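Working notes, beginning with the structure itself.
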Amino acid sequence: APVLELRGVSKSYTGGVKALDSVDLELGEGEMLGIVGPSGSGKSTLLNVMGTLDRASEGEVLVGGMDVSTFSDRLLSTVRAQAIGFVFQQFHLNDTYNALQNVAVGLQYAKVPRRDRQAIATAALETVRMGHRLDHQPHQLSGGEKQRVAIARALVNKPKYLLADEPTGALDSENGAAVMELFGELNQQGMTVVIITHDLEIADSLPRRVEIRDGVLRAGATRKASAR
Ligand code: ADP
Ligand code: ADP
C-alpha cells in the first residue's frame with residue numbers, strides 16, 4: 001500500500017470556501033514529492049489533511065493503508081506520533097531547551113524510556129550533522145542549523161513520511177540549498193519526503209511534483225531520473 005493516499009478529498013470551510021476539491025494523491029514509500037501552488041491555493045489545508053491535523057469534509061485519507069477518516073482525535077494523534085514527522089518554516093523549537101532536549105521531546109510522547117532518550121536523540125542529531133551542537137540553544141544556532149535540529153526532531157520517532165511546510169522559507173539561499181540537500185540525502189536513505197513550497201526553483205529540483213490551484217491538484221512534470 002502507498003504510505004499515504006488521498007481519495008476524492010474535499011475540504012470546505014464555513015463561509016463556503018472549498019479549499020480542496022476532489023483531491024486524489026498517492027505517496028509511495030521512498031518518494032520525494034514537491035507540492036507547489038500560489039498563496040491561497042490550498043497548500044496548508046492539504047498539508048493539514050496529509051498530516052491528519054485536519055479532517056477532510058469528503059473523501060478518504062489512508063495512512064499505511066488504514067482509512068483514518070473515522071478515527072477518533074485520540075487515535076489520530078497516535079497515528080501522527082508514529083507515522084508522521086513535521087518540519088515547519090519557522091522551526092518551532094523551544095528556546096529554553098538545547099538541541100538535544102528539543103529532539104528528545106518527541107520521544108517522550110512515543111513513550112521511549114527516559115534512559116534511552118539521550119542516545120536516540122543524539123543519533124538523530126548526528127544524522128543531520130548536528131552532533132557537535134547538542135548543548136547549543138536555538139539562539140546560539142544559525143537558521144540552517146535550527147532547521148537541521150527541527151529535522152532531527154521530525155526524524156527521531158522513525159516516521160513513515162516527513163511533511164515539510166516551506167522548510168526553506170526562513171533561510172537565505174545558501175542555507176536553504178543545504179537543507180534541501182539534507183532532505184535529498186534522507187530520501188536517498190529511504191525516507192519518504194513531502195515538501196510544500198511556493199518556490200518554483202526548489203520544486204523543480206525534486207523528482208516529482210504536483211501543483212495545486214484553487215484547491216485542485218494536478219500532476220506536474222516528472223523529471224527523469226538522469227536529471228536528478
Ligand atoms: P495556502 O496554504 O496555499 O496559502 P490555504 O490552505 O491556507 O492556502 O487556504 C486555501 C483557501 O482556504 C483560501 O481561500 C483560504 O482563505 C481558505 N481558508 C484557509 N483556512 C481557512 C479557515 N480556517 N476558514 C475559512 N477559510 C479558510
Ligand atoms: P518530564 O518530567 O516531563 O518527563 P524531564 O524532566 O524528563 O521531563 O525532561 C525535561 C525536558 O528535557 C523534556 O522536554 C524532555 O523531553 C527533555 N529530556 C528528557 N530526557 C532527556 C535527555 N536524556 N536528554 C535531553 N533531554 C531530555
Side-chain angles (χ1 to χ4, degrees), residues 2-27 31-63 67-74 76-77 79-80 83-93 143 146-147 150-151 153-154 159 161-173 175-176 179-180 183 192-223:
V3 174
L4 173 69
E5 190 175 354
L6 272 52
R7 290 185 188 158
V9 166
S10 295
K11 173 77 186 179
S12 303
Y13 288 112
T14 42
V17 176
K18 200 161 193 182
L20 296 177
D21 190 354
S22 310
V23 169
D24 293 309
L25 180 64
E26 268 192 31
L27 181 66
E31 261 198 297
M32 184 151 177
L33 169 70
I35 298 176
V36 274
S39 177
S41 59
K43 296 188 299 298
S44 301
T45 303
L46 180 59
L47 181 108
N48 288 341
V49 169
M50 292 173 83
T52 76
L53 293 162
D54 205 353
R55 291 171 187 280
S57 313
E58 284 170 60
E60 291 171 8
V61 176
L62 292 89
V63 176
D67 183 3
V68 301
S69 316
T70 58
F71 280 21
S72 66
D73 288 350
R74 196 194 168 111
L76 276 185
S77 65
V79 169
R80 261 198 310 278
I84 312 173
F86 293 91
V87 177
F88 307 97
Q89 178 171 354
Q90 295 294 342
F91 325 122
H92 293 304
L93 297 174
K146 280 187 260 210
Q147 195 58 300
I151 292 168
R153 179 185 54 193
Y161 54 99
L162 285 186
L163 290 179
D165 189 4
E166 301 280 0
T168 64
L171 304 177
D172 61 35
S173 57
N175 278 307
V179 161
M180 288 308 298
F183 281 121
T192 308
V193 181
V194 179
I195 309 268
I196 297 210
T197 183
H198 67 267
D199 186 327
L200 291 173
E201 203 173 316
I202 284 175
D204 228 15
S205 72
L206 299 173
R208 179 189 170 205
R209 75 191 141 100
V210 294
E211 293 167 8
I212 185 166
R213 209 168 266 271
D214 296 332
V216 177
L217 201 69
R218 58 194 176 116
T222 304
R223 302 183 85 221

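Just so it is clear, the values below take in all heavy atoms, side chains as well, and ignore hydrogens, waters and symmetry mates. Numbers here simply count residues along the sequence, with the first being 1. Everything numeric in this text was worked out from a predicted model, so none of it was measured. Indexing begins at 1, ligand by ligand and atom by atom, following the structure's order.
The side-chain heavy atoms of Thr52 and Phe71, taken from C-beta on, include no pair separated by under 4.5 Å. In this structure, Val68 and Glu60 have side chains that are not in contact, with every pair of non-hydrogen atoms separated by 4.5 Å or more.
Leu206 contributes atom CG, which lies 6.0 Å from atom CD1 of Ile195 (distance to the nearest 0.5 angstrom). Taking CD1 from Ile212 and CD1 from Ile35, the interatomic distance works out to 7.5 Å, rounded to the nearest 0.5 Å.
One finds a salt bridge joining Arg7 and Glu5 here, because a Lys/Arg side-chain nitrogen approaches an Asp/Glu carboxylate oxygen to under 4.0 Å. A salt bridge is defined here as a Lys NZ or Arg NE, NH1 or NH2 lying under 4.0 Å from an Asp or Glu carboxylate O, and Asp73 with Arg55 meets this definition.
The single protein non-hydrogen atom nearest to atom 6 (O) of ligand 1 is Thr45 OG1, 2.6 Å, given as residue, atom name and distance. Here the heavy atom of the protein found nearest to atom 7 (O) of ligand 1 is Ser44 CB, 3.7 Å. In this structure, the protein non-hydrogen atom closest to atom 19 (C) of ligand 1 is Tyr13 CE1, 3.3 Å. Nearest protein heavy-atom contact of atom 8 (O) of ligand 1 is Gly42 N, 3.0 Å. Scanning the protein for heavy atoms near atom 4 (O) of ligand 1, the closest one is Gly40 N, 2.6 Å.
Between the side chains of Asp67 and Ser69, at least one donor N or O lies within less than 3.5 Å of an accepting N or O. No hydrogens or angles considered: nothing links the side chains of Tyr13 and Ser57 as a donor-acceptor pair under 3.5 Å.
If you look at Val17 next to ligand 1, the close heavy atoms, those under 4.0 Å, all belong to the side chain.
For ligand 1, the atoms closer than 4.0 angstrom to any heavy atom of Ser41 are 1 (P), 3 (O), 8 (O). Ligand-side atoms of ligand 1 in range of Pro38: 3 (O), range being under 4.0 angstrom from any heavy atom. Close contacts of ligand 1 with Ser39, meaning ligand atoms under 4.0 Å from a residue heavy atom, involve 4 (O).
Under a 4.0 Å heavy-atom criterion, Gly15 is not in contact with ligand 1. In this structure, Gly215 falls outside the shell of residues with a heavy atom less than 4.0 angstrom from ligand 1. Look at Gly37 and you'll find every heavy atom at least 4.0 Å from all atoms of ligand 1.
Taking the six-membered ring where tryptophan is involved, the planes of Phe88 and Phe86 are essentially parallel, since the angle between them stays under 30° and well short of 60°.
For atom 16 (O) of ligand 1, the nearest protein heavy atom lies 4.0 Å or farther away.
Within the set Lys43, Glu166, Arg213, His198, the minimum heavy-atom distance to atom 3 (O) of ligand 1 is found for Lys43.
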